Each structure stands twice: as structure tokens, then as C-alpha cells.
4 protein chains.
Amino acid sequence: MRKSKRDYADVDNRSRIIDAATELFIKQGAQDTSLSDIARSLSISKGTLYYYYSSKADLLFDVSESYMTRISNRLLEWAKNLKKPMPADEVVGKVLKELFSAENRGKLHLYLIYESITNNEMLKKRLISAYDQWLVMIKEGLSVLMNDTEKVTEYAELLLIMITGGIVHSTLGFGPQRIDGIMSLIFSGNPA
Amino acid sequence: MRKSKRDYADVDNRSRIIDAATELFIKQGAQDTSLSDIARSLSISKGTLYYYYSSKADLLFDVSESYMTRISNRLLEWAKNLKKPMPADEVVGKVLKELFSAENRGKLHLYLIYESITNNEMLKKRLISAYDQWLVMIKEGLSVLMNDTEKVTEYAELLLIMITGGIVHSTLGFGPQRIDGIMSLIFSGNPA
Amino acid sequence: MRKSKRDYADVDNRSRIIDAATELFIKQGAQDTSLSDIARSLSISKGTLYYYYSSKADLLFDVSESYMTRISNRLLEWAKNLKKPMPADEVVGKVLKELFSAENRGKLHLYLIYESITNNEMLKKRLISAYDQWLVMIKEGLSVLMNDTEKVTEYAELLLIMITGGIVHSTLGFGPQRIDGIMSLIFSGNPA
Amino acid sequence: MRKSKRDYADVDNRSRIIDAATELFIKQGAQDTSLSDIARSLSISKGTLYYYYSSKADLLFDVSESYMTRISNRLLEWAKNLKKPMPADEVVGKVLKELFSAENRGKLHLYLIYESITNNEMLKKRLISAYDQWLVMIKEGLSVLMNDTEKVTEYAELLLIMITGGIVHSTLGFGPQRIDGIMSLIFSGNPA
DNA sequence: TATGAATGAGTTTTCATTCAT
DNA sequence: CATGAATGAAAACTCATTCAT
């Protein structure tokens, strides 16, 4: 009883830290956010931060976990709510717009990738596995939407690249402006 | 005369610096490359480096200039060599594959974007203008390739997003595997 | 009754802590052993550790007490078992070899001395008194062994220095290799 | 010319740093001497310290080098000045007394050994090689002094252990008090 | 008795930048 | 033109110690 109460507190504190870190990473970039910054924003000491996370990489890992989970959940929910007679281009376009619109999260997305390929093999593995997951989810969603399910894999790959590219462009403020047009382009031969 | 001679030397030295910096940025990441590293790789002193570039941001700007020029040139050359009866999907697919295959440059590409949106407003402007340029070049190329030029803008936007996304994915080692399939998907309704 | 029961438990817990600490000090060096390490190795909390020992110095003092007692006991036992017609060089050589062979304890021995002369006046006093004791014990042993008891004090001093030096050298992996030869050298003029 | 001048300055600065570090290590113990302490004592910045020594281990290595050289020189000089008809016990006793009397250097000696066996494999190798050297020097000196050169190796081992043990005891303030007596004990059978 | 969350002062280390020569 | 010595501000991280429960 005791113990579980404390454990809850622990989980709670950790998630408070993750949220604060995420916010700062998004606002000023992860590279330019020091552990002091995070501690200060939570009004705790650096020592306390280290009590919960024994290194910056550790904390970053959980931050990225939380970020990837958010995207996974969004895709999952999307796939779950699909029904047959829905226009693929509209439905997909809507999700993309949504993902691109969380402009500032893109900064974090970008950083996670950069960190992955530069410094952090563990994070890289985790990130690739997330991408794998997303690919599967997208395929499942498309299988519901499309008549011709033969090209589902290609479609899914295309969409995933577009998601990444779109997030980057949006964050840069060079967002794709004609998503609807692009969607109708892509799905032209596949009306629901 | 004198002066211009010096200027030539100056330009030469600067470009040597840019090349060395680029190489290091690509190899070990820009964040993890110190000015000492660059100076050492050129066998010059840090002081000399500062003689040519008064700050790291300054140097980064020129590095990115050189990087963007390389991409512009590639697109320019591509657009120039297009002739009418060429299959759009093949031609475009070839360029994409090429851009994606320079895997390690992607690290630099990614960093430039990250730096742009995090720290460096000037770089951001420059980068956006490069993207604008690329968009135009792609449009021009597509105009030659495609019959139905009505959708050229949408196509160009799509391709540009795909370039960014594909570079990122390739760098991450999660590269798109079915570019040909994707190309035929996209251009299905637009045979040359 | 109550109280003494508690006291027993107390003594027991303290000695468990001392043993764990000793083990870690020997394995990884005292300087590199944190109180967290010790607590973890006992599966108790740091708070509990502080319940029994109000500071690291406090704990170290008891650890050293236990270590010195071990040596004292060894010398005591040695002196007790001596009988007259025994060859001094052999008998002494055997003890030395034994003391030198506990290679890893040397790390602790060394640390105790270093700590004594650097930081910890109290420990220093304690250590000197232990050395005094050992000197007396050695003298007593030698009185039994040797014919000419005139030089016993010099012999004892020599042996004690050799013990310290030998422990250090052994720990360093530069152990004395010819103890027997050295012994016969020293005791050449003093056959039993 | 230029360059060599600068090199001289460099060597000079490094040796200034070594001297200051040595002094502090001796005064307050190496473990308790931070790089800030050393920088402060030299009125330079920490950055400057790192300009000359890229890590604390690096600096320690040079400090220990300088310390070991000092001992080597002393032994060398001793061996060089020996002539045949000199009483071994007196001559050796004098050197020992001298080595033991530099009481505070013992703190450094002790620390070097402790650090060697705890943390620093490189230092350990260096230290062992120094001890090897000293052993050779002592052997050479003894060969001159003693009639019966058969036991020279044993004598040298014995003396080296005594040096280490004696340095430790002296530093602890429990110095051997009867060195002369001990010497005559050891060399009893070997008059010059 | 026992806990573990919290702290803060300290450590080593990095690096862009300045400047006298 | 070129140098490299010097700096200082900041970073990540450690750990003995305290204390409310």
C-alpha cells in the first residue's frame, strides 16, 4: 500500500519532469536546454532531477518515448475509426494536416532524429522501431480505405515519408500548402 | 591588383575551410565538431580560423551555402537535360534515389534545418529561400515532363516534401525501399 | 532486557554494514565506494545506513577497527603458538607471506593510511596505536624465537616496516619475490 | 627561433603547473585537491590549466613522473659516489634516513600507489617500471659496497621494501626509530 | 526503526571567443 | 596574415547529508 503510493508519486514526478523537459525542448531546442533549465522550470534542484533520471540521455529517452507514443496513439485512433465508404484522400489529408499543424513539436521530432544518427544508438533503435510500427498502422488504415489493396505498402511508405518531410517543412515554416491537391493527386486512381 | 590577388587567396582559404568543416560536420555531426577540430584538420591555428570567420555561426552559414548550392546545381542540371518524351516516374525516381543515397550528407541537411529553427534566424531565411528555389526548379522540370501541366505545383510540393522526408529517412537507415513503386503510383495518371 | 535485545540487533546490523563496506572498499577502493553503493549491496536504504552511522567517516572508523583487529588477531595467534626450538626465519617468513598474500586487503590498508594522513586525525591516532600494539606483539613473538634477545626491538621495527612495505608492494603487483632469502639474510646470525 | 622560444615557455608553464600541483597534493592530499585549487594557486583560469593538461589524470601523470625522477636521481647520485672501502650499513642507512625524512612527500608517494591500484592502469605500469629501475640501481650500488655479492638481489629487494614501508611509516608519524641498529643487523655478516 | 525523496555544493571538462605579438 | 595562449561561462554529473513521514 505504502509502496504503491510512493510508486505512484514516483511515476507522477517522472512524468512531470518529462512534460517540463518536452516543453523546453520544444520551446528552445533540446540541445540548448540544460538540465539546470529543466530543474529551474520545475523549481527543483539539479540533484533531484538526477534522482529521477541518472543522465540526460536517460531523460531524453523517456521524452522521446512519450513523444512517439503520442503519434502512435493518434494513428491508432485514426485507424480504428475508419469505415468503408470514406474518401481516402480526404481522410488521409485530414490526419496529415493535423500532424503538420503541431508545428513546434516538429522541433523535437527533428532533434530526436538528429540525436539518433549522431550520438545515440539506443535512441536510434527505438526510433526506427517506432517508424516500423507507424508503417504497419498506416497500412492497416489504408487497407480499410482502399479498393485496390495491392499497392498498400507503397502507399504507406509514401505517406510515412510525407509525414516526416511535412513535419520538417511545417516546422521550418515552409509547410506544404496544397495538401488537398496533393492527396487527390495521389489517390486519383483509388476512389473508395 | 594587389588587392584582388589577396582576395583570390582569401576566397581560396575560405573555401578550404568550408570543405574541411563540411567534411567534419558530415562525419561527426556539426554539434560535435569544435572549431579546434576544424583548425586541426587544416593544420592551421584557431586564430587563423577566426581571421577568416568571425564566429562559428558565420562559418556555418557558408557551409550551408555551399551545401545548398550543391543541391541546386544538381536540380538545375537535371532540369536542363530533360527532353520531352521521357517517362516522368523513371526520371524523377532516379533523382530521388540519387539524393537519398548521399546518406551522410543527410546529417548535415538535418542539422541545418534544426539549427535554423532553433537558433539561427538568418540561416532559416536562407534555407527557406533555397527551398523556394528548389520548388521552382522542380516545377520547371516537371513542366517539361508532364502532359497535364495543371497539377505541376502540387506535384512539385509533393516531391519537395518527399525529398526532405526521404533524406531524413535514409540518414536514419529507414530509407524508402520502393521508390519505383511509389513513383508509378504518383505518376500513374500522367504518362509522358 | 528489551534494551539489550535491541542492542544485540544493533550490533548485528552494524557489523553487517561493516562487512559489506569492507568488501566494497576492497573490491573497488574506498574512495570510489559511495554510501549508496553500500546501502544497495545490503538492500537497505541510505536513510537506514545513516541511522547506524552518522557519517561516512564514522563508518570508515569501524571498518578500519575491524580490519586492524583482524591483523592483531593474526599476530596474537602467531605469538601464542610459538615454541622454543623453531627456526625464526622460517616462522617469520610464513607469517609475512600470509600477510602479503591477502593482496586485495592491501588496497584497504593503503587507503586507511592515506586517509589518516590526509583527512582524519582520529583515524590516524587509532592507526598509530594499532601499529604500536603490533610492534609489541612482534617483540613478544621474537623473544620466544630468538636466542639473543638484545636486538629484539630492532628486529621488530624492521619486521613491521617490512610488513607495511610488503603489503604495499604486493598490492601493486610488485611483490617481494625472495622472502625466504631475505629472511635467512636477516636472521643469519640468530639461529634458534 | 620563434617556435623554440614558445616551446620553452610551454615547458616552463607546464613545470610551473606541476610544481604547484605537487605542492598542493603534498599539503592537502591529491584527492582533496581540485583543479580549481591548482588554478587558483597559480592565479590562472581553469581553462588555462586545461590548455596545458587535458585531464586531471594527465596532470597527475606528469606530477608522478617528476616525483619518481626525483627519487631516481637521488639513487643514481648515491650509487655514483660509492667507493670501495665504505661501511655498507652506514652508507645505506644514510640514504634511507634521507628518503624517510622528506615526510610530506610520502603523502604523494602513497597516493600515487593508491591511485595506481584503484583507478589508473597507466600510472600503475609507470610506477612498476620505476620500482624496477630503483631495484636495479640499488643492486648496482650494493655490488660496489659488499664483499659477498651473492646475496645482492635479496638485499636489494629487502631495501626497496624497507624504503616503501619506511616512507609510509614516516609519513604516518610512526617512523622507524632505530635505523642504525636495523642496518647493523642486516649487514652484520657483510663488513666492507 | 526505517525509508527514500530532496538538496546543494562541489567536481571535471568543453569550447567559442579574444588578443597581444 | 597568422599564431596560440588565455579566458570564463557554462555544461553534465556526483554524493554525503538531511528530514518528514
Side-chain angles (χ1 to χ4, degrees), chain A residues 2-3 5-7 9-10 12-14 31-39 42-59, chain B residues 6 9-10 13 31-40 42-60, chain C residues 6 9-10 13 31-40 42-60, chain D residues 2-3 5-7 9-10 12-14 31-39 42-59:
Chain A
R2 248 301 138 96
K3 191 155 177 285
K5 210 177 195 175
R6 276 184 185 161
D7 280 356
D10 202 273
D12 224 50
N13 285 332
R14 289 170 84 97
Q31 204 73 242
D32 297 315
T33 300
S34 71
L35 294 181
S36 296
D37 290 338
I38 297 170
L42 284 161
S43 304
I44 63 175
S45 71
K46 260 184 289 181
T48 302
L49 203 52
Y50 272 90
Y51 180 77
Y52 289 98
Y53 285 100
S54 60
S55 77
K56 196 182 185 182
D58 227 41
L59 171 55
Chain B
R6 271 185 191 160
D10 209 85
N13 286 333
Q31 203 70 241
D32 298 319
T33 300
S34 68
L35 293 183
S36 297
D37 290 338
I38 298 169
R40 196 177 320 117
L42 284 160
S43 305
I44 63 173
S45 71
K46 256 192 287 187
T48 304
L49 204 56
Y50 268 85
Y51 180 80
Y52 290 100
Y53 285 101
S54 63
S55 79
K56 197 182 184 183
D58 228 42
L59 171 54
L60 182 67
Chain C
R6 270 184 191 161
D10 209 87
N13 284 334
Q31 203 71 243
D32 298 318
T33 300
S34 69
L35 293 183
S36 298
D37 290 337
I38 298 169
R40 197 180 317 117
L42 284 161
S43 305
I44 63 173
S45 71
K46 255 190 287 187
T48 304
L49 205 55
Y50 268 86
Y51 179 79
Y52 289 100
Y53 285 101
S54 63
S55 79
K56 197 183 184 183
D58 228 40
L59 171 55
L60 182 67
Chain D
R2 248 301 138 97
K3 192 155 175 289
K5 211 179 195 172
R6 275 183 188 160
D7 280 356
D10 203 273
D12 224 49
N13 285 332
R14 289 170 84 97
Q31 204 73 243
D32 297 315
T33 300
S34 71
L35 294 180
S36 297
D37 290 338
I38 297 170
L42 285 160
S43 304
I44 62 174
S45 71
K46 262 184 287 183
T48 303
L49 203 53
Y50 270 88
Y51 180 77
Y52 289 98
Y53 284 101
S54 61
S55 77
K56 197 183 184 181
D58 227 42
L59 171 55

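Since this is a predicted model, take the numbers as computed values, not measurements. Numbers restart at 1 for each chain; the letters A, B, ... are given by sequence-line order, proteins then strands.
- Closest of all the heavy-atom pairs between Ile38(B) and Leu59(B) is CD1-CD2, 3.8 Å.
- Atoms CG (Asp32(A)) and P (dA12(F)) sit 10 Å apart, rounded to a whole Å.
- Nucleotide dC15(E) holds its C1' atom 20 Å from the OH atom of Tyr53(B), rounded to whole Å.
- Within 4.0 Å of Ser45(D), counting heavy atoms only, lies at least one base atom of the nucleic acid.
- With the nearest nucleotide of DNA chain E identified for both Asp37(B) and Leu49(A), Leu49(A) has the one nearer the 5' end.
- Atom NZ in Lys56(B) sits about 14 Å away from atom P in dT14(E), given to the nearest Å.
- Among the heavy atoms of the strands lying under 4.0 Å from Lys46(B) is at least one base atom, whether or not backbone atoms are also near.
- Looking at the side chain of Tyr51(B), the nearest of the listed nucleotides dC1(F), dT17(F), dA12(F) is dC1(F).
- Protein atom CG of Leu35(B) is 14 Å distant from nucleotide atom C1' of dG4(F), rounded to whole Å.
- Among the heavy atoms of the strands lying under 4.0 Å from Tyr52(D) are primed sugar atoms or P, OP1, OP2 only; no base atom is included.
- Looking at heavy atoms from C-beta onward, Thr48(A) lies out of side-chain contact with Leu42(A) at the 4.5 angstrom threshold.
- In plain terms, the two heavy atoms of Lys46(B) and Ala39(B) that are nearest each other are N-CB, 4.0 Å.
- Heavy atoms only, all atoms of each residue included: Gln31(D) and Lys56(D) are closest at O-NZ, 4.4 Å.
- For Ser43(A) and Thr48(D), each mapped to the nucleotide of DNA chain E holding its nearest heavy atom, the one lying further toward the 5' end belongs to Ser43(A).
- As a whole-Å value, the separation of Asp58(D) CG from dT14(E) C1' is 15 Å.
- For the pair Tyr50(A) and Leu35(A), the tightest heavy-atom approach, listed with the atom from each and the gap, is OH-CD1, 2.8 Å.
- Rounding to whole angstrom units, CD of residue Gln31(A) and C1' of dA12(F) are separated by 13 Å.
- Remark: Ile44(D) CD1 to Leu49(D) CG distance equals 5.0 Å, nearest 0.5 Å.
- For DNA chain F, each stem of at least three Watson-Crick or G-U pairs (distances under 3.5 Å) is given as range with range: E:2-21 with F:2-21.
- The side chain of Ser36(D) lies closest to dT12(E) when the candidates are dT12(E), dC13(F), dT17(F).
- Across all strands, Ser54(C) comes closer than 4.0 Å to no nucleic acid atom at all (heavy-atom distances).
- Taking the side chain of Ser55(C) as heavy atoms from C-beta on, and the options dA16(F), dT17(F), dA12(F), the nearest nucleotide is dT17(F).
- To the nearest angstrom, P of dA11(F) lies 11 Å from CD1 of Ile38(A).
- Asn13(A) places its CG atom 12 Å from the C1' atom of dG4(E), with the value rounded to the nearest Å.
- Of all the heavy atoms in Tyr52(D) and Asn13(D), the pair that sits closest is OH-ND2, 2.7 Å.
- Side chain of Tyr50(B), nearest nucleotide from dT18(F), dA12(F), dT17(E): dT17(E).
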